[in-house]
Amino acid sequence: MAIERISEIQLGDMLLIFEQETDYRRVGFYMIPADMKEKDVSSKKFYRINSLAQLKLVGDIYPNCYGSGQTMHNCETANLFEYDSQTTEEAEGKTYIRTVMKDQRGYGLVNVITWYHGEDSFEMKNIFTNNSEDTVTLEMLSSFEMGNVTPFVEGIATDTLLVHRLRSKWSHEGRLVTETVEDLQLEPSWSNWSVGVERFGQRGSMPVMKYFPFVAVEDTKNQVLWGVQLAHEASWQMEIYRQDDGLHLSGGLADREFGHWMKEIRAGESFETPKAILSVCQGDIDLLCHRLVSAGEKYVEAGPEEEQNLPIIFNEYCTTWGCPSHENIAGIIDAIRNKGFDYFVIDCGWFKEDDVPWDISMGDYNVSDTLFPEGLDKTVSLIRDAGMRPGIWFEIDNVGPAAKAYQYTDHLLKRDGRPLTTYSRRFFDMQDPWVKEYLTEKVIGTLRQYGFGYMKMDYNDTIGIGCDGKESLGEGLRQNMEASVDFVRQVKEELPDLVLENCSSGGHKLEPLMMSLCAMASFSDAHETEEIPIIAANLHRAILPRQSQIWAVIRQKDSLKRIGYSIANTFLGRMCLSGDVTELTSEQWDVIERGIAFYREITPVIQKGMTRRQGSKITSDRHPQGYQVVVRTGDRGETLVVIHCFYGSLPEVIPVDLTGCATEIVNTYSYDKKAEIEVKGDTLFYHPSENMCAVAVHLR
């Protein structure tokens with residue numbers, strides 16, 4: 001079947017190629033690094049265009065080639081859409097590409113690409129419009145579809161393609177998993193007929209569970225990588241699809257088969273998908289991830305002015321363990337006054353009464369008279385008088401069984417007509433006008449009444465496949481989470497200077513949509529574990545380090561070496577401290593205070609830069625062996641090197657490649673000031689002497 005080009009459009013260093021089949025006029029899309037155009041062989045013997053918008057309407061034919069049940073890719077609906085027109089427009093520092101497709105039955109599709117000038121990635125979404133006279137029901141609609149991977153190798157590119165994903169679970173976020181196309185059984189069959197597909201994703205209201213909404217494919221012979229992130233708070237899916245010589249990537253909302261999603265579209269109505277962020281480059285996985293993650297910088301830079309200097313946080317959770325009071329907060333403030341902390345966060349439990357645990361009593365949000373007998377305003381004033389911005393914790397959407405709100409069943413989500421209940425939570429119906437008014441009073445009202453300048457937003461359970469009230473469980477979930485995000489937007493509108501922390505049992509909401517609304521996020525709930533630097537380094541591939549709040553929980557029993565290890569962890573993102581600060585010795589405080597001073601020095605590198613990892617392959621997070629090196633090169637000619645030595649035998653010398661980095665040592669940080677470090681040419685040499693030890697180096 002003949003293929004012809006519709007257009008070639010260059011966005012920065014990326015070349016976008018749109019094409020169509022001459023018989024069916026199906027629109028296809030792929031992209032390459034612009035300077036590799038001459039290496040595009042574009043001569044694969046067996047290659048079919050897959051529609052730029054993958055979708056399925058109820059009643060249309062399901063996919064052929066043994067696809068039904070494992071994918072809706074290339075079903076009848078997608079194949080009936082034909083190319084109509086394409087426009088390119090520039091406005092306000094952005095380029096818009098709109099590709100219009102039509103189905104003769106009266107359905108329209110517009111694929112919209114938005115490129116912010118100067119960025120190394122672009123956004124893509126699809127808009128479906130029902131121009132027929134009847135209501136139709138979608139059971140799948142993708143945000144993106146990208147084909148022809150790889151156009152630089154003829155045939156099926158045997159032993160060439162790698163698939164990269166970021167796996168995730170509670171306190172083990174962001175583990176990079178790399179598999180060959182062959183191991184995923186994504187080679188085409190001898191006949192190029194049956195389909196191969198790897199469909200994966202997440203179902204529920206914790207979008208970073210099991211996987212981050214991310215996938216990348218690497219052509220190892222040409223060092224080219226294609227990658228995508230999804231910006232979405234509910235169930236999502238990605239698909240790696242293969243039928244012939246070309247590999248395809250698509251994804252967006254979790255479909256009917258994967259995420260229990262169907263959506264009715266009445267005559268004249270439209271439906272818009274979540275956005276995907278795409279990029280292509282020649283390099284390695286760290287470079288590709290940097291290009292995708294950097295799309296978030298424009299949102300952070302538009303945030304509260306105070307955030308631009310990456311202030312240091314103290315959070316009392318690992319000090320009081322969910323039982324904050326005016327008395328213990330006063331003691332903490334006496335211990336940390338004038339130590340360099342900028343924010344003080346009152347975490348969960350400020351509302352608890354008697355012996356009821358905080359984690360089953362959220363939802364009513366009445367200030368505890370027992371914990372704050374003279375009122376919360378006195379404690380907030382104490383924090384401000386110590387020169388710190390006061391913060392407070394809320395779990396906005398969820399309700400614990402000990403709260404009165406747990407019995408407000410008319411205003412809670414339901415499944416099968418009954419309140420949707422887990423062992424520790426029920427969930428507010430975020431579309432309910434009563435709930436909106438209630439939370440406006442309880443959350444925004446409390447923030448405003450006491451003058452809080454910071455809010456930690458937690459979320460400690462998942463709705464699962466969905467809820468009643470709409471045409472499908474998945475659509476009920478999608479609309480509820482959309483309303484949840486809208487409430488966060490309302491908070492920002494009413495309190496524009498408020499600093500927002502995105503937390504969901506640590507890292508379950510580290511996706512681009514929520515990260516665009518928040519100053520920072522809890523990187524994990526791994527508060528006191530030895531694997532913290534591993535997780536913190538993982539997350540450089542998923543979120544901006546300047547948004548990754550990393551905890552150093554300091555205990556009275558901690559050795560100076562352990563304290564130095566914990567403090568060095570925070571150099572991989574935003575510094576946050578907690579722990580036994582009222583009981584530390586002057587020697588322990590010296591290690592902490594030197595770390596705070598070092599952090600202040602390196603914040604420009606954390607704020608803007610490019611990260612690469614070196615060192616051993618870490619097979620176990622819980623019992624790590626070997627060593628890890630993180631090299632971050634800043635935009636101002638500075639470099640940060642953070643080295644963590646774990647268990648097992650260590651080399652006499654750890655070499656760190658500084659090619660393209662600064663090489664003049666400005667300062668070092670270690671617990672005992674005795675780290676043996678030297679730079680020769682483009683290599684830094686560190687002589688490790690102990691397991692479970694860390695050192696950081698600032699170079700200019």
Side-chain angles (χ1 to χ4, degrees), residues 139 168-170 173 200-213 230-237 252-263 273-274 348 359-363 394-401 403 405-436 438-439 443 457-489 502-511 513-514 517 521-522 525:
E139 49 185 339
S168 197
K169 58 178 286 192
W170 183 71
E173 291 84 357
F200 68 97
Q202 181 280 138
R203 288 167 285 247
S205 52
M206 286 179 160
V208 178
M209 181 185 284
K210 193 172 179 69
Y211 290 101
F212 276 72
L230 286 171
H232 185 50
E233 271 291 280
S235 301
W236 59 268
Q237 69 183 41
L253 294 167
D255 62 28
R256 182 183 185 180
E257 292 178 342
F258 191 80
H260 303 264
W261 182 78
M262 292 190 292
K263 172 69 177 175
T273 69
C348 55
D359 59 347
I360 61 169
S361 55
M362 80 293 297
F394 277 97
E395 188 167 345
I396 297 170
D397 302 49
N398 303 345
V399 183
Y406 193 80
Q407 305 304 326
Y408 300 162
T409 55
D410 289 345
H411 307 294
L412 304 177
L413 293 181
K414 297 179 177 63
R415 187 185 299 160
D416 303 322
R418 299 178 181 181
L420 204 166
T421 307
T422 69
Y423 271 101
S424 61
R425 298 290 189 279
R426 285 178 174 171
F427 307 86
F428 278 126
D429 179 352
M430 298 299 287
Q431 296 184 87
D432 184 335
W434 183 93
V435 170
K436 294 177 185 179
Y438 177 84
L439 292 176
V443 178
M457 300 181 294
D458 215 337
Y459 192 95
N460 288 306
D461 214 335
T462 174
I463 292 169
I465 60 174
C467 52
D468 294 344
K470 306 301 173 186
E471 53 268 56
S472 63
L473 292 175
E475 177 61 7
L477 171 69
R478 187 196 68 81
Q479 290 196 27
N480 183 78
M481 299 315 295
E482 187 176 78
S484 177
V485 172
D486 284 343
F487 183 78
V488 177
R489 293 190 177 106
N502 169 27
C503 180
S504 179
S505 290
H508 282 125
K509 287 197 174 189
L510 302 180
E511 56 79 32
L513 176 57
M514 274 300 289
L517 297 173
S522 300
D525 263 357

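- Among residues two or more places apart in sequence or in another chain, the side chain to side chain contact (heavy atoms under 4.5 Å, CB included) test is passed with Ser522 by Lys456, Glu501, Cys503.
- Using a distance-only test at 3.5 Å, with no hydrogens or angles considered, a donor-acceptor pair links the side chain of Asp432 to the main chain of Trp434.
- What you find for Ser484 and Asp397 is that their closest heavy atoms are OG-OD2, 2.6 Å.
- Summarising the local packing, CZ of Arg489 is surrounded by more than 12 heavy atoms from other residues, nucleotides or ligands at distances under 6.0 Å.
- Using cut-offs of 30° and 60° on the angle between ring planes, the pair His411 and Tyr408 is perpendicular.
- Contact check for Met457 versus Met514: side-chain heavy atoms found under the 4.5 Å cut-off.
- No option in Phe394, Tyr438, Tyr406 other than Tyr438 meets the ring pair (Phe, Tyr, Trp, His ring centres under 6.0 Å) test with Phe428.
- One distance of note links CD1 of Ile463 with CG of Asn398; it measures 7.0 Å at 0.5 Å rounding.
- Using a distance-only test at 3.5 Å, with no hydrogens or angles considered, a donor-acceptor pair links the side chain of Asp458 to the main chain of Ser505.
- To the nearest 0.5 angstrom, His260 atom NE2 is 12.5 Å from Cys467 atom SG.
- In this structure, the separation between NZ on Lys414 and OG1 on Thr409 is 5.5 Å, given to the nearest 0.5 Å.
- The shortest distance between side-chain heavy atoms of Leu473 and Asp468 falls below 4.5 Å.
- Using a 4.5 Å cut-off on side-chain heavy atoms (C-beta onward), Asp461 and Ser424 make contact.
- Residues Val208 and Pro213 share a closest heavy-atom pair of CG2-CD, 4.0 Å.
- Side-chain atoms of Asn480 and Lys470, non-hydrogen and from C-beta on, never get closer than 4.5 Å to each other.
- Residues Glu471 and Lys263 have side chains in contact (heavy-atom distance under 4.5 Å, counting atoms from C-beta outward).
- A donor-acceptor pair is defined here as one N or O able to donate and one able to accept, closer than 3.5 Å; no such pair exists between the side chain of Gln431 and the backbone of Ala483.
- No side-chain heavy atom of Lys210 sits under 4.5 Å from any side-chain heavy atom of Gln202.
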- request: Report the C-alpha separation of Tyr459 and Met206 in whole Å, then their side-chain angles, then the decisive distance to 0.1 Å, and conclude whether the side chain to side chain contact (heavy atoms under 4.5 Å, CB included) test is met.
  value: CA-CA 8 Å; Tyr459 192 95; Met206 286 179 160; 4.3 Å; yes
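- Of the possible polar contacts, none joining the Asp429 side chain to the Val435 backbone as a donor-acceptor pair under 3.5 Å is found.
- Side-chain atoms of Trp236 come within 3.5 Å of backbone atoms of Pro207 as a donor-acceptor pair (strictly under, hydrogens ignored).
- For the 3.5 Å distance criterion, the side chains of Arg426 and Thr421 qualify, holding a donor opposite an acceptor.
- Between Ile360 atom CD1 and Arg425 atom CZ the span is 9.5 Å, to the nearest 0.5 Å.
- The structure places CG of Leu510 at 7.0 Å from CD of Glu173, a figure rounded to the nearest 0.5 Å.
- Between Ser235 and Trp261 there is no side-chain heavy-atom pair separated by less than 4.5 Å.
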- request: For the pair Glu482 and Met430, evaluate side chain to side chain contact (heavy atoms under 4.5 Å, CB included) and give the outcome as yes or no after the intermediate values.
  value: CA-CA 9 Å; Glu482 187 176 78; Met430 298 299 287; over 6 Å; no
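- For the pair Lys436/Phe487, no side-chain contact is recorded, criterion being any heavy-atom separation below 4.5 Å from C-beta on.
- Heavy-atom minimum distance, Ser361 versus Ala403: O-CB, 3.8 Å.
- Taking CG of Leu477 as the reference point, atom CD1 of Ile465 lies at 9.5 Å (rounded to 0.5 Å).
- Scored by the side chain to side chain contact (heavy atoms under 4.5 Å, CB included) test, Ala231 finds Lys275, Glu511, Pro512, Leu513 as partners (sequence neighbours excluded).
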